[in-house]
2 protein chains.
Amino acid sequence: MELVKIYECLCDLTRLRVLHVLARGPLCVCHFQAVLAEPQVKLSKHLAYLRARGLVSVTRRGNWMVYALPSAPPPELRANLACLQDCAREQPIFRRDLARLERLAPALAETGPGCCGPATRPPRRARPAAPARAR
Amino acid sequence: MELVKIYECLCDLTRLRVLHVLARGPLCVCHFQAVLAEPQVKLSKHLAYLRARGLVSVTRRGNWMVYALPSAPPPELRANLACLQDCAREQPIFRRDLARLERLAPALAETGPGCCGPATRPPRRARPAAPARAR
DNA sequence: GATTCATATACCTCAAAAGGAATATAGTCG
DNA sequence: CGACTATATTCCTTTTGAGGTATATGAATC
């Protein structure tokens, strides 16, 4: 993987934040919305950009598109994502994202990365946990 | 230093190559020209971009502008520059740049980072080493 | 099939920036 | 001061891409 391609992915704050929280585990778009406090359209676009360049992979689970980091990233990508994790520790915007992610953790534990909607919005209908986990 | 600002500097191949060779030591523009095989105007622009964002510092020595990495970079910059060095090792374009730099090494040893012209062009007038080193 | 939910994409606007040609600027030397 | 060297900057063109509005697409459910 060309190094400059990686940096082209990292040079946007939204994408940087996406990759930073993704290191903690897979997420669907509506969880990204809650964690990053960004609109769906914006996130979808950036996720598409990352997907097109091999920085994230996506799996559909029913209504939910679940994004994850590549399971076997090339070494230069691995190194840069590790570097990002180290550096983000001291930066407020990334810490805030993680705080929001922690607040979501119970919901994630219950439904997995595909859920029934952002934590900020009450579920319209209860979703059974089983279908979300079934693959 | 904001992380995304660093990546904005790294997301251009020319700038990436500049930073990569600069880790080996200070260089003037015409040495960059020789090492990176890129035109002066292009390099000046990218160096200006990097300078404006604090990624390089510059010193004038007579006719020569000598660029260097910051002597005390913030931790996130240090980490990313180290990461770049590690990753560039396996990439042909960066290795070629280093090869050209090694080929220039004797000229650098003689005149320092400010020189009398690119190695590809014979010097019009011999420059004494002393003025280039004097600061 | 209609409805609903999740999310991708089309269309549009605007801004940033890469790169080249031309030229300005700063310094040196005779 | 003029000539020369090194290099920064201006002007211009083109490209890329961020982000918003609107809408299309895919899946689930009844």
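Each chain gets a letter, A, B and so on, in the order its sequence line appears, and its residues count up from 1.
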>> Tell me every residue that passes side chain to side chain contact (heavy atoms under 4.5 Å, CB included) with B/Q40, counting only those two or more places apart in sequence or in another chain.
In response: B/V29, B/Q33, B/S44

>> Please determine whether the number of non-hydrogen atoms from other residues, nucleotides or ligands lying under 6.0 Å from atom CZ of B/R95 exceeds 12.
In response: no

> Quick one: A/D12 CG to D/dA18 P, roughly how many Å, whole number?
Replying inline: 5 Å

> Rounding to a whole Å, what distance do you find between A/N63:CG and C/dT4:P?
Replying inline: 14 Å

>> Less than 4.0 angstrom between a side-chain N/O of A/R61 and OP1 or OP2 of D/dA27, yes or no?
In response: no

> Can you find a side chain N or O atom of A/R60 that sits less than 4.0 Å from OP1 or OP2 on C/dA8?
Replying inline: no

> Between D/dA28 atom P and A/M65 atom CE, what is the distance in whole Å?
Replying inline: 12 Å

>> Suppose the criterion is ring pair (Phe, Tyr, Trp, His ring centres under 6.0 Å): which pairs have a residue in residues 76-97 of chain A, not counting sequence neighbours?
In response: A/H20-A/F94

> How close or far is atom P of D/dT7 from atom CZ of B/F32, stated in whole angstroms?
Replying inline: 11 Å

>> My understanding is that only residues two or more places apart in sequence, or in another chain, count here; which of them pass side chain to side chain contact (heavy atoms under 4.5 Å, CB included) with A/K42?
In response: A/T14, A/E38, A/P39, A/H46

> Considering only D/dT7, D/dG19, D/dA28, which nucleotide approaches the side chain of A/T14 most closely?
Replying inline: D/dG19

>> Output the rounded distance in Å from CZ (A/R17) to P (D/dA18).
In response: 15 Å

>> Can you work out whether B/Y67 or A/G62 has the more 5'-proximal nearest nucleotide on DNA chain D?
In response: B/Y67

> Should B/Y49 and B/E8 count as side-chain neighbours, where that means a heavy-atom distance under 4.5 Å?
Replying inline: yes

> Looking at residues 36-55 of chain A, who's got a heavy atom less than 4.0 Å off DNA chain C?
Replying inline: A/Q40, A/V41, A/S44, A/K45, A/R51

Donor-acceptor contacts, no H, no angles, side chain residues 65-78 of chain A, under 3.5 Å, sequence neighbours left out:
residue : atom : partner : partner atom : Å
A/Y67   : OH   : A/R51   : NH1          : 3.1
A/E76   : OE2  : A/M1    : N            : 3.0

> What is the distance from CG of A/L10 to C1' of D/dG17, rounded to the nearest Å?
Replying inline: 16 Å

>> In whole Å, I'd like the distance from the CD atom of B/E8 to the C1' atom of D/dT16.
In response: 14 Å

>> My understanding is that only residues two or more places apart in sequence, or in another chain, count here; which of them pass salt bridge (charged side-chain N to carboxylate O under 4.0 Å, His left out) with A/R24?
In response: none

